[in-house]
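Report on the following structure.
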There are 2 protein chains.
Amino acid sequence: MIQHNGGGIVLQVDIKSSKPIYKQIMDQIKEGVVKGVFQPGDKLPSVRELSTMLTINPNTVSKAYQELEREGAIETRRGRGTFIVENYKPQADPDRLGQLNDLLKKVVVEAYYLGLSKKELKQMLADLYAKLGGARL
Amino acid sequence: MIQHNGGGIVLQVDIKSSKPIYKQIMDQIKEGVVKGVFQPGDKLPSVRELSTMLTINPNTVSKAYQELEREGAIETRRGRGTFIVENYKPQADPDRLGQLNDLLKKVVVEAYYLGLSKKELKQMLADLYAKLGGARL
DNA sequence: TCACGTGTACCATACCGCCTAGTACGCATG
DNA sequence: CATGCGTACTAGGCGGTATGGTACACGTGA
């Protein structure tokens with residue numbers, strides 16, 4: 001578990017996880033935005049800097065940044081760096097909406113197999129909203 | 001998209017999907033149990049039969065069945081076949097509970113990036129419960 | 001102007017999960 | 001004993017992921 005704390009931001013990567021490193025970075029940045037840890041316009045660590053901090057390859061960081069930009073979450077300015085997008089406009093993408101529905105369906109099925117009632121799952125969801133986005137959501 | 005319909009059960013597999021085939025089988029069987037399409041004690045297709053129907057390798061089906069048995073969802077009886085477990089007793093597995101929480105967290109973050117409000121997500125969850133387990137959940 | 005930091009684009013290599021193919025074994029049923 | 005069943009094992013191919021290295025294009029600031 002390698003950690004990076006530069007200027008208040010905290011990113012950590014688990015090399016041993018089955019989840020790809022570039023996806024770990026993506027998820028943490030998006031979660032950080034929701035939490036408010038990353039503010040619109042904030043500068044992210046440079047590709048080389050973050051790769052050094054996490055002792056991973058620059059290409060891996062670059063891949064994470066490219067995917068995030070493709071999703072519209074961040075933007076890159078050549079020669080300047082990578083930044084959290086300002087005034088993010090969500091678009092009702094049918095594909096991503098379907099994926100979200102599938103993901104949520106999986107949650108419901110898993111909850112059943114863990115013995116969680118509908119009420120308990122709703123509570124879990126409420127707790128997450130409280131924990132993640134006090135003001136934002 | 002290959003489909004199998006034997007005795008009322010319907011399983012389909014998308015070879016081109018990035019999701020592993022054995023996981024597709026696992027998810028569909030678990031979803032089928034929640035829906036009630038599969039009843040406790042029901043016999044699943046044999047490894048060879050299902051592999052033939054889906055035109056995939058028997059080992060792939062076997063892997064799906066083994067994982068499902070490890071999760072306690074199904075049980076195999078040597079020489080007889082594979083069956084949906086009767087009287088399934090959910091166990092409060094802390095690991096799986098943590099994974100469920102992570103999955104739900106991802107849902108919340110994705111929902112934010114799709115512009116879905118907390119209310120809309122809760123509605124989506126309610127719809128899924130209605131669609132999946134009318135009586136069971 | 002020029003050095004520097006930035007993201008980007010290649011290429012080659014290695015590793016690992018997934019899937020296939022084939023063969024063989026142990027067990028329960030009829 | 002023949003059949004159907006799950007299981008185990010080996011070998012190989014394929015694609016995604018990550019690494020290592022090099023090179024290029026662009027914007028900034030001295």
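To find a chain, count down the sequence lines: A is the first, B the second, and so on, and within it residues start at 1. Just so it is clear, the values below take in all heavy atoms, side chains as well, and ignore hydrogens, waters and symmetry mates.
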Query - Contact nearer the 5' end of DNA chain D, comparing A:Thr60 with A:Arg80 - result: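 Closer to the 5' end of DNA chain D: A:Thr60.
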What is the distance, rounded to the nearest whole Å, between atom [atom1] of [X] and atom [atom2] of [N]?
X       : N      : atom1 : atom2 : answer
A:Lys63 : D:dG15 : NZ    : C1'   : 11 Å
A:Asn57 : C:dT13 : CG    : P     : 16 Å
B:Leu54 : C:dC19 : CG    : P     : 12 Å
B:Arg77 : D:dG4  : CZ    : P     : 20 Å
A:Lys19 : C:dG17 : NZ    : P     : 17 Å
A:Tyr65 : C:dG5  : OH    : C1'   : 14 Å
B:Gln24 : C:dG17 : CD    : C1'   : 15 Å
A:Asn59 : C:dT8  : CG    : C1'   : 10 Å

Query - Candidates B:Asn59, B:Val61, B:Asn57 - the one meeting side-chain contact (heavy atoms from CB on, under 4.5 Å) with B:Val47 - result: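 Checked B:Asn59, B:Val61, B:Asn57 against B:Val47; only one passes side-chain contact (heavy atoms from CB on, under 4.5 Å): B:Val61.
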Requested in this report: Name the closest nucleotide to the B:Val47 side chain, picking from D:dT19, C:dG7, D:dG6.
Outcome: D:dG6
Query raised in the report: Does A:Ile25 belong to the same Ile/Leu/Val/Met/Phe/Trp/Tyr cluster as A:Phe83, with side-chain heavy atoms less than 4.5 Å apart forming each link?
Result: no
Report task. Determine: side-chain N/O of A:Tyr22 to OP1/OP2 of D:dT17, distance under 4.0 Å, yes or no. Result ->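 Yes, A:Tyr22 has a side-chain N/O under 4.0 Å of OP1/OP2 on D:dT17.
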Query raised in the report: Under 4.0 Å: is that the gap between some side-chain N or O of B:Thr76 and OP1 or OP2 of D:dT7?
Result: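 For B:Thr76, the contact criterion (side-chain N or O under 4.0 Å from OP1 or OP2 of D:dT7) is met.
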Query raised in the report: Taking atom CE of A:Met26 and atom NZ of A:Lys19, what is their separation to the nearest 0.5 Å?
Result: 10.0 Å
Requested in this report: Check the surroundings of atom NZ in B:Lys23: do more than 12 heavy atoms from other residues, nucleotides or ligands lie under 6.0 Å from it?
Outcome: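 No - once you tally the heavy atoms of other residues, nucleotides and ligands closer than 6.0 Å, there are 12 at most.
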Answer with base, sugar-phosphate or nothing: what part of the nucleic acid does [X] contact at a heavy-atom distance below 4.0 Å?
X       : value
A:Ser18 : nothing
B:Glu69 : sugar-phosphate
A:Arg48 : base

